[in-house]
Amino acid sequence: MENTSQKNIQSPRGTRDLLPDQIVGWQFLEKVFSEVAQRFGYQEIRTPIFEHTEVFSRVIGENTDVVSKEMYSFQDKGEKYSLTLRPEMTAGAVRAAVQHNLTATGQLQRLWYIGPQFRYERPQAGRFRQFYQCGAECYNASSPESDAELIMFAAMVLQELGLSQYTLHINTLGTAGCREQYVQALVQYLEEKKELLSHDSQVRLTKNPLRILDSKDRGDKAILKDAPILSDYLSEESKQHFTKVLSILEANGYSYTITQSLVRGLDYYSHTVFEFTSSDLGSQDALGGGGRYDSMFEYFGGKHTPSVGFSLGMDRIIMILQKIRPEIFTLPTIDCYIIAMDKTVGEVVQTMAMKMRQNNISVITDLQYRSLKAQMREANKIGAKTVIVIGEEEIKSKQYKVKNMEDGSETLRSEFIG
RNA sequence: GCGAACGUAGCUCAGUAGGUAGAGCAGCGGAUUGUGGUUCCGCAUGUCGCGGGUUCAAGCCCCGUCGUUCGCCCCA
């Protein structure tokens, strides 16, 4: 597997280095997210990047693509157990909540998180093997208000970022019971027309029938026209729950699209599911999504704990920000660039720079003994607000001129030197 | 996992009858030896992703490989 003939080692497939001019955009995104989280009263949680494999395999669903073929799993050294790089954040957060009894007495918990996740997939635009998500979870609330809170939290983040061009798709899957009955009816209907279905959908019929609803195949779509509809199988409570969620969104000015085919890829969802999509992205157009998952705590031996959460795909948000708000990706400027005329004043310049930094002024000096002109050019290029030139004269007189780079004006000063 | 395209200087890319690589930008130096952004002049740069093959000769053709991109699948 090792390709020794390749001289230049590159980052592994589907991973990337985020270089300085990118990082400023990520920092902006992280700041906006944590500020909005604070406004909603959510607290940050950080969980390990790898977990025991069962944390994911049990909860996400053995038949999902994520578990069946996308996990980075490995045997821990000298141990008998298998570990897995997290393919998503929710399962780990719930595991932590159970382990530390965060929800044992039924109290509400509002948590947010941010970090990298890993899935073995074919990379393409907006899809990476190491990708980043930020998201939030609310435990011990079964109310439609809690669903709405999470959706509006996510929507507010997008708004604050300046991403107004998104579509909020929303759907309800009902309770596990409703869904089971529906899946039965759907399978029964589709079994009869199995030969007419696309190959992919024939496989899905046994593995994950709900996904057929989402098929892009024309033939499948035609067959689905007369298929049973999930909403006919919803209980009264499920319907009421969903209606309430929608009315809260409306009352707060959030428009949405009910998308019956929205079923989401992970097995643990019930009731409300939602997804934000953007036309500014390619075929991987989901910016984020989430939903309600009421039974996950029980998988970890916890009490029944109704929960709802969402996560946003940071890589994809960054892609859009680069497109529509390039000004975010400008590096911060420096207060002062001190130019050393020659090697002999190098030390003095360092001392001066340190004194200024101790006074909370950002200072850059040239470390390559370059010419005055080169240093001037660099000061200008990086957008230094002021420039100070230090040579023999300045050291003798203990005075120097501070040049304002914007208007070219100079002021005589004598602090920090000598 | 399937189908398709692409991979040339730090960056964007040209190189279309196969004959030992070019432009713009960025970089560095200079235009009366202590002051930037414009302009002008000069300099440097690449194992043409990697490996193999065909050929007298390959950046251009063939095979493999790695990577990127697009679609499918799936998902954030």
Side-chain angles (χ1 to χ4, degrees), chain A residues 1-16 19 21 60 63-70 87-90 115-135 154 198-201 203-204 207-208 211 214-217 262-266 274-278 281-290 310-320 337-342 345 368 370-394 400-408 410:
Chain A
M1 220 38 209
E2 241 6 78
N3 189 351
T4 48
S5 62
Q6 193 165 346
K7 279 183 189 167
N8 302 316
I9 298 176
Q10 300 174 320
S11 59
R13 182 169 215 193
T15 69
R16 345 169 254 147
L19 304 176
D21 60 334
I60 297 172
N63 282 330
T64 60
D65 277 27
V66 170
V67 169
S68 62
K69 54 187 188 194
E70 294 176 2
E88 55 107 53
M89 299 284 247
T90 302
Q117 287 142 82
F118 308 85
R119 286 182 205 170
Y120 182 82
E121 291 183 277
R122 195 69 187 268
Q124 68 184 69
R127 189 166 77 183
F128 309 96
R129 290 184 173 179
Q130 174 172 341
F131 60 103
Y132 297 81
Q133 287 186 339
C134 50
S198 66
H199 175 74
D200 284 333
S201 287
V203 175
R204 284 188 278 232
K207 291 184 86 176
N208 196 346
R211 288 233 70 95
D214 213 3
S215 176
K216 284 162 195 160
D217 185 88
L262 178 64
V263 292
R264 313 237 347 126
L266 312 176
F274 54 93
E275 201 166 278
F276 296 88
T277 61
S278 165
L281 292 169
S283 92
Q284 309 301 324
D285 66 350
L287 276 182
F310 75 87
S311 66
L312 297 174
M314 298 174 74
D315 311 78
R316 294 179 186 176
I317 289 175
I318 291 288
M319 287 169 75
I320 299 177
Y337 191 111
I338 307 182
I339 292 175
M341 280 306 297
D342 52 66
V345 298
Q368 299 178 307
R370 284 186 294 173
S371 68
L372 170 69
K373 174 171 276 190
Q375 295 185 62
M376 260 328 271
R377 278 188 183 150
E378 194 194 356
N380 180 63
K381 200 180 78 179
I382 64 175
K385 295 189 188 99
T386 60
V387 164
I388 298 170
V389 177
I390 298 295
E392 295 296 334
E393 289 174 27
E394 284 77 10
Y400 55 88
K401 284 179 273 184
V402 177
K403 178 165 185 166
N404 180 322
M405 288 298 275
E406 221 168 294
D407 56 22
E410 294 184 319

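The analysis underlying the following values was restricted to heavy atoms, covering all of them including side chains, and did not include hydrogens, waters or symmetry mates. Remember, it's a predicted structure, so these values are computed and weren't measured experimentally. Residue numbering restarts at 1 for every chain, and letters A, B, ... go by the order of the sequence lines.
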Any A:Q117 side-chain nitrogen or oxygen under 4.0 Å from OP1 or OP2 of B:A76: no
Polar side-chain contact A:R127-B:C74 base: donor and acceptor under 3.5 Å: yes
Sugar-phosphate, base or nothing in reach of A:G135, heavy atoms under 4.0 Å: nothing
Side-chain (A:Q130) to main-chain (A:R16) donor-acceptor, under 3.5 angstrom: no
P spacing across the pair B:G49 / B:C60, given as an integer number of angstrom: 8 Å
Residue A:A374, side-chain atoms from C-beta onward, closest of B:G36, B:G29, B:G1: B:G29
cation_pi(A:R119, A:F131) dist<6.0 Å, angle<=45: no
From B:G1, B:G36, B:C73, nucleotide with atom closest to A:D200 side chain: B:C73
Base B:G34 paired with A:E394 side chain (donor-acceptor, <3.5 Å): yes
Nearest-0.5 Å distance that lies between atom NZ in A:K401 and atom NZ in A:K403: 9.0 Å
Nearest-nucleotide comparison on RNA chain B, the residue closer to the 5′ end among A:R316 and A:D407: A:D407
Nearest-Å distance once atom C1' is located in both B:C50 and B:G27: 28 Å
Sugar-phosphate only, base, or nothing, as touched by A:A384 at under 4.0 Å among non-hydrogen atoms: nothing
Under 3.5 Å on both distances, the Watson-Crick or G-U partner of B:C60: none
B:G27 phosphate, OP1 or OP2, under 4.0 Å from A:K381 side-chain N/O: yes
Sugar-phosphate only, base, or nothing, as touched by A:Y132 at under 4.0 Å among non-hydrogen atoms: nothing
5'-most by nearest nucleotide on RNA chain B - A:G288 or A:P12: A:P12
Same-atom distance (C1') from B:G59 to B:U16, integer angstrom: 13 Å
Proximity to the side chain of A:R204 - top-ranked nucleotide from B:C74, B:G36, B:G34: B:C74
Stepwise salt bridge (Lys or Arg N to Asp or Glu O under 4.0 Å) check, A:E121 with A:R127: CA-CA 8 Å; A:E121 291 183 277; A:R127 189 166 77 183; 3.8 Å; yes
Residue-phosphate contact under 4.0 Å: A:R13 side-chain N/O, B:U68 OP1/OP2: yes
Distance in angstrom units between A:F128 CZ and B:U68 C1', rounded: 11 Å
Mate of B:G1 where both pairing distances stay under 3.5 Å, Watson-Crick or G-U: B:C72
A:Y120 OH - B:C75 C1' separation (whole Å): 16 Å
Of the listed nucleotides B:C2, B:C74, B:G37, the one nearest the side chain of A:R122: B:C2
Sugar-phosphate only, base, or nothing, as touched by A:R16 at under 4.0 Å among non-hydrogen atoms: nothing
Pairwise C1' distance for B:A58 and B:G15, with rounding to whole Å: 13 Å
Euclidean distance for C1', B:G19 against B:C61 (whole angstrom): 15 Å
Paired nucleotide for B:U65 [Watson-Crick or G-U wobble; both distances under 3.5 Å]: B:G49
Backbone N/O of A:S201 and side chain of A:S198: donor-acceptor pair under 3.5 Å: yes
OP1 or OP2 of B:G29 under 4.0 Å from side-chain N/O of A:S371: yes
Closest nucleotide among B:G30, B:U35, B:A76 to the A:D315 side chain: B:A76
Side chain A:Q133, main chain A:P116, donor-acceptor under 3.5 Å: no
Distance between C1' atoms of B:C63 and B:A17 (Å, rounded): 24 Å
A:D200 with A:R211: basic N within carboxylate O range, under 4.0 Å: no
Residue A:Q124, side-chain heavy atoms: nucleotide from B:G71, B:C75, B:U35 that is nearest: B:G71
Under 4.0 angstrom between A:R370 side-chain N/O and B:G29 OP1 or OP2: no
Candidates B:G36, B:C74, B:C70 - which lies nearest the side chain of A:A125: B:C70
Partner nucleotide of B:C25 by Watson-Crick or wobble geometry (both distances under 3.5 Å): B:G10
Separation of B:U35 P from A:I388 CD1 (nearest whole Å): 17 Å
Between B:U8 and B:G46 - P atom distance, rounded Å: 16 Å
P-based separation of B:U45 from B:U39 [nearest Å]: 25 Å
Base-pairing mate for B:U55 - Watson-Crick or G-U, with both contacts under 3.5 Å: none
Distance in Å, A:I338 CD1 paired with A:Q375 CD, rounded so as to fall on 0.5 Å steps: 10.5 Å
Residue A:R377, side-chain atoms from C-beta onward, closest of B:C74, B:G37, B:A4: B:G37
Protein-nucleotide distance (A:E121, atom CD; B:U69, atom P), rounded to Å: 13 Å
A:L372 CG to B:G34 P, straight-line distance once rounded to whole Å: 7 Å
Counterpart base for B:U20, defined by Watson-Crick or G-U wobble contacts under 3.5 Å: none
Nearest-angstrom distance from the residue atom NZ of A:K373 to C1' of B:C41: 11 Å
Sugar-phosphate only, base, or nothing, as touched by A:L287 at under 4.0 Å among non-hydrogen atoms: sugar-phosphate
Distance, nearest 0.5 Å, that separates CG of A:L287 from CE of A:M314: 12.5 Å
Touch class at under 4.0 angstrom, heavy-atom based, for A:E88 against every strand present: nothing
Sugar-phosphate, base or nothing in reach of A:R119, heavy atoms under 4.0 Å: base
Touch class at under 4.0 angstrom, heavy-atom based, for A:Q368 against every strand present: nothing
Residue pair A:Y337 / A:E378, side-chain donor-acceptor N/O under 3.5 Å: yes
Touch class at under 4.0 angstrom, heavy-atom based, for A:G290 against every strand present: nothing
Minimum-distance nucleotide to A:M341 side chain [options: B:G34, B:U35, B:C2]: B:G34
